[in-house]
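Taking it in order: structure first as structure tokens, then the write-up.
Chain letters run A, B, ... following the sequence lines, proteins first, then strands; residues in each count from 1. Since this is a predicted model, take the numbers as computed values, not measurements.
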There are 2 protein chains.
Amino acid sequence: MASGQRRRISPTIYDVAQAAGVAPSTVSRTFSRPGRVNSETADRIRKVAAELGYRTNPMARALATTHSSLIALVVPDITNPVYFEIINGVQDEAAEAGYTVLLVDSRESDKREREALERALPIVDGIVLGTSRMSDASIRMIAKQKPMVALNRAVREIPSVVPDNARGVRRALEHLGELGHDPVTYLAGPEASWADGMRWRGLREASLELSVHVRRLGPLSPNVAGGVAGAKAWMLAPTSGVIAYNDLVAIGFIRAVQGRGIGVPSDVSVVGYDNIFAADLVSPALTTVATPRRALGAAAVRNLVAQIKGAHPRGGPPVVVPVKLVERASTAEAPGAAVRLPHSGGHTVPDILPAPENA
Amino acid sequence: MASGQRRRISPTIYDVAQAAGVAPSTVSRTFSRPGRVNSETADRIRKVAAELGYRTNPMARALATTHSSLIALVVPDITNPVYFEIINGVQDEAAEAGYTVLLVDSRESDKREREALERALPIVDGIVLGTSRMSDASIRMIAKQKPMVALNRAVREIPSVVPDNARGVRRALEHLGELGHDPVTYLAGPEASWADGMRWRGLREASLELSVHVRRLGPLSPNVAGGVAGAKAWMLAPTSGVIAYNDLVAIGFIRAVQGRGIGVPSDVSVVGYDNIFAADLVSPALTTVATPRRALGAAAVRNLVAQIKGAHPRGGPPVVVPVKLVERASTAEAPGAAVRLPHSGGHTVPDILPAPENA
DNA sequence: TTGAAAGCGCTAACAT
DNA sequence: ATGTTAGCGCTTTCAA
């Protein structure tokens with residue numbers, strides 16, 4: 001008693017079957033495999049169903065078929081703008097294929113990622129694993145239980161789709177080279193980062209080809225604080241060209257050097273990576289490598305759905321999607337061989353790398 | 001033949017029951033209502049279950065209980081930084097209560113929102129509806145089918161949790177007033193926005209109390225472009241103090257006026273709303289009203305879970321969570337009665353409000 | 001405290 | 001093309 005509104009109890013295929021004068025299985029077929037039933041009866045059934053307000057019960061269907069039409073998308077940090085477009089790409093492609101996506105945010109925590117995956121695993125048909133914090137071994141473990149594709153990271157034996165990191169940094173270096181910057185500093189990402197490894201490697205190769213010298217500085221944490229730390233270290237041996245591991249690092253770097261009276265791009269040109277939302281908001285607007293994140297997500301889903309539908313997971317080389325350089329205001333002609341530092345000379349700088357990031 | 005790895009078939013309560021020498025129902029109780037079974041037998045069952053790698057099947061449980069332990073969180077735009085913390089708050093609180101959250105991004109589209117909700121409805125136990133694009137009537141319709149709580153918007157008859165908009169704008173105006181700004185321009189949000197209505201109302205009340213004049217300018221779309229349009233209009237009758245509907249609008253406004261050679265905060269002080277990620281990244285860093293988004297999300301989930309557990313949805317006044325002003329660099333002492341405009345006088349400005357936003 | 005048995009709503013052989 | 005009939009794996013009376 002004292003009941004609030006009562007939630008209506010839904011009709012089942014049995015109710016519809018009775019009302020339409022057919023067998024329950026015919027009703028089931030009408031909704032699960034149209035075509036397997038006479039179009040006239042089907043129409044009648046659909047009509048009756050509509051009148052009764054029948055809706056197929058996904059749980060019952062899932063139990064019977066062992067398919068939930070749910071896929072999980074795991075990202076390390078929903079807060080990171082990099083994932084916006086990936087999420088959209090995944091959602092769209094999934095919807096198109098008739099899947100609903102369960103978005104899991106692991107918050108950069110190994111523990112959380114495991115727990116969330118644990119929760120999700122039994123109810124999803126497959127997993128898109130974005131930039132995982134877990135070990136390759138753990139990942140393969142999970143891939144044994146459900147179809148999976150790795151995103152932004154190539155995992156051996158697991159279908160993977162990654163952006164063309166090598167080409168991205170190459171374009172960045174090319175751009176800086178054309179503007180006369182040499183040498184160029186690479187503000188490196190986290191040590192454990194697969195992407196950082198790829199980028200640094202790509203940079204070294206490009207360095208040879210383009211005859212532009214490249215120095216590595218890091219590791220840095222992949223955020224604004226990391227950029228600030230990088231700036232401190234860079235002051236020890238400044239270069240007029242800088243390529244950052246990602247846009248956040250680039251932004252942190254720029255703010256830090258600007259704070260020291262160094263102009264961007266008048267004194268240093270810096271290029272970011274990812275082309276996040278904020279890249280166009282900061283001053284100066286950031287020149288950066290745009291990764292096709294939406295395409296990345298879509299490609300991952302296509303592959304995953306294929307697996308779910310029975311395709312053999314192909315453990316071959318990862319699918320590589322193209323990137324492009326977006327030129328904005330943070331890069332310009334090199335001022336000369338070396339950047340002019342206002343305080344250079346008598347200025348004291350920290351002598352340990354990377355500098356602590358609590359500045 | 002060509003077979004990929006085969007996914008292991010999972011043991012059921014029957015397997016565990018047999019191995020442990022008990023009835024299936026006892027195994028079920030062990031996991032679904034511990035305490036209803038002798039602790040020794042329970043231990044034994046758990047041990048056997050662990051050995052067999054038994055995991056309870058959520059679909060089967062859902063079918064039997066009609067509870068999925070899933071809740072949906074609907075947001076209009078995952079891309080909007082405002083939702084980061086809300087999402088985190090919801091996820092955390094949900095996890096704590098034993099629920100997994102199905103994140104639905106409606107992309108500002110009524111159609112999408114409906115479709116996604118349609119998909120989600122049958123599989124979730126309840127819904128947290130953030131800043132819906134739908135009409136109150138549609139919302140109530142859905143609330144009839146599943147427990148629901150509205151977020152960031154008060155819907156009559158539906159439990160709602162909202163930030164203290166009135167107090168937020170009051171603090172903003174107070175701050176500007178103390179710095180000597182009067183009158184102050186309010187860069188209004190979308191016409192249909194519930195939050196905008198609340199803020200404007202709060203502003204008028206505060207205006208009376210604080211004796212600071214306030215003008216409304218808008219409606220503007222709630223993004224950077226809207227801020228740019230607002231700046232154009234503001235040029236017609238500039239004020240030294242500006243309060244924006246949200247941070248994005250504030251950022252757009254600032255960039256636009258800076259482009260005209262107007263200094264922030266030297267010529268105009270502007271305060272944003274929301275305290276999004278980027279607010280601390282732009283130059284000057286934005287003074288803004290911080291809404292406790294994580295708390296907002298958590299409160300919504302607590303309410304929702306209570307409803308799911310059988311509490312009567314309370315249609316009373318919305319739960320209001322407190323906000324606070326974060327002072328940064330975009331506000332300062334007023335330069336005088338009116339702002340000095342470099343081009344004021346002979347400068348031509350558009351004469352229709354709001355200005356087209358494709359500038 | 002435990003067991004036996006009847007569903008939950010749907011799908012999928014197998015028959016007709 | 002449609003009907004019959006078992007389940008899918010779990011929960012939940014009802015008995016014992």
Side-chain angles (χ1 to χ4, degrees), chain A residues 7-46 48-49 52-70 98 119 121-125 145 308-310, chain B residues 7-46 48-49 52-70 98 121-125 145:
Chain A
R7 320 272 172 202
R8 184 178 57 88
I9 200 133
S10 336
T12 72
I13 49 173
Y14 292 94
D15 301 318
V16 177
Q18 189 170 16
V22 297
S25 53
T26 306
V27 178
S28 171
R29 286 189 197 102
T30 304
F31 293 103
S32 58
R33 34 197 39 165
R36 291 266 201 181
V37 52
N38 182 301
S39 67
E40 289 171 20
T41 27
D43 284 347
R44 182 159 45 91
I45 290 174
R46 263 189 287 268
V48 173
L52 263 47
Y54 167 78
R55 321 236 43 195
T56 129
N57 179 328
M59 327 263 212
R61 191 204 289 263
L63 182 55
T65 62
T66 69
H67 287 317
S68 64
S69 290
L70 243 39
R119 274 180 182 284
L121 251 185
I123 64 173
V124 301
D125 292 345
Q145 315 192 43
I308 293 173
K309 295 241 160 85
Chain B
R7 322 267 173 204
R8 184 179 57 89
I9 199 128
S10 340
T12 73
I13 51 173
Y14 292 93
D15 301 318
V16 177
Q18 188 170 19
V22 297
S25 52
T26 305
V27 177
S28 171
R29 287 188 197 102
T30 305
F31 292 103
S32 59
R33 33 199 39 167
R36 291 263 200 183
V37 52
N38 182 301
S39 68
E40 288 171 18
T41 29
D43 284 348
R44 183 158 45 91
I45 290 174
R46 263 189 288 267
V48 173
L52 263 48
Y54 168 78
R55 319 239 46 194
T56 130
N57 178 327
M59 327 261 213
R61 190 203 290 260
L63 181 56
T65 61
T66 71
H67 287 316
S68 64
S69 291
L70 243 39
L121 251 185
I123 65 172
V124 302
D125 292 345
Q145 314 192 46

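- Closest heavy-atom contact between A:Gly98 and A:Ser69: O-CB, 3.8 Å.
- Between A:Gly35 and B:Leu63, the one whose closest nucleotide on DNA chain D sits nearer the 5' end is A:Gly35.
- A:Met59 places its CE atom 13 Å from the C1' atom of D:dC10, with the value rounded to the nearest Å.
- Whole-Å rounding puts the B:Arg33 CZ to D:dT12 C1' distance at 8 Å.
- Nucleic acid contact class of A:Ser28 (heavy atoms, under 4.0 Å, all strands): base.
- Taking atom CG of A:Asp15 as the reference point, atom P of C:dC8 lies 10 Å away to the nearest angstrom.
- In summary, the side chains of A:Thr56 and A:Arg61 do present a donor paired with an acceptor at a separation below 3.5 Å, with no hydrogens or angles considered.
- Atom CD1 of B:Ile13 is separated from atom CD of B:Gln18 by 12.5 Å, given to the nearest 0.5 angstrom.
- In this structure, CD1 of A:Ile13 is placed 12 Å from P of C:dA12, rounded to the nearest angstrom.
- Residue contacts for A:Thr56: at a heavy-atom cut-off of 4.0 Å it reaches the sugar-phosphate backbone alone, with no base atom in range.
- B:Val27 comes within 4.0 angstrom of nothing in the nucleic acid, heavy atoms only.
- The distance between atom CZ of A:Arg61 and atom P of D:dG9, rounded to the nearest whole Å, is 18 Å.
- Regarding contacts with the backbone of C:dG9, every side-chain N or O of A:Arg55 stays at 4.0 angstrom or more from both OP1 and OP2.
- Rounded to whole Å, the distance from CD on A:Gln18 to P on D:dT2 is 19 Å.
- The interatomic distance linking A:Leu52 (CG) with C:dG9 (C1') rounds to 15 Å, in whole Å.
- What separates CD of B:Glu40 from C1' of C:dT1 is a distance of 12 Å, to the nearest Å.
- Nearer the 5' end of DNA chain C, as judged by each residue's closest nucleotide, is the contact made by B:Val22, out of B:Val22 and B:Ala60.
- Under 4.0 angstrom from either OP1 or OP2 of D:dG3 there lies at least one side-chain N or O belonging to A:Thr26.
- As judged by a 4.0 angstrom heavy-atom cut-off over every strand, B:Ser25 is placed among the base-contacting residues.
- Residue contacts shown for A:Thr66 are absent, as no nucleic acid heavy atom lies under 4.0 Å away.
- Positionally, the nearest nucleotide of DNA chain C for B:Val37 lies more toward the 5' end than for the other of B:Thr65 and B:Val37.
- Between the side chain of A:Arg29 and the base of D:dG3 there is at least one donor-acceptor pair of N/O atoms closer than 3.5 Å.
- With hydrogens and angles left out, the side chain of B:Tyr14 and the base of D:dC8 share no donor-acceptor pair within 3.5 Å.
- Here the CZ atom belonging to B:Arg36 is positioned 12.5 Å from the OG atom belonging to B:Ser25, to the nearest 0.5 angstrom.
- Interatomic distance, CG of A:Asp125 versus OG of A:Ser68, reported as 3.5 Å (0.5 Å rounding).
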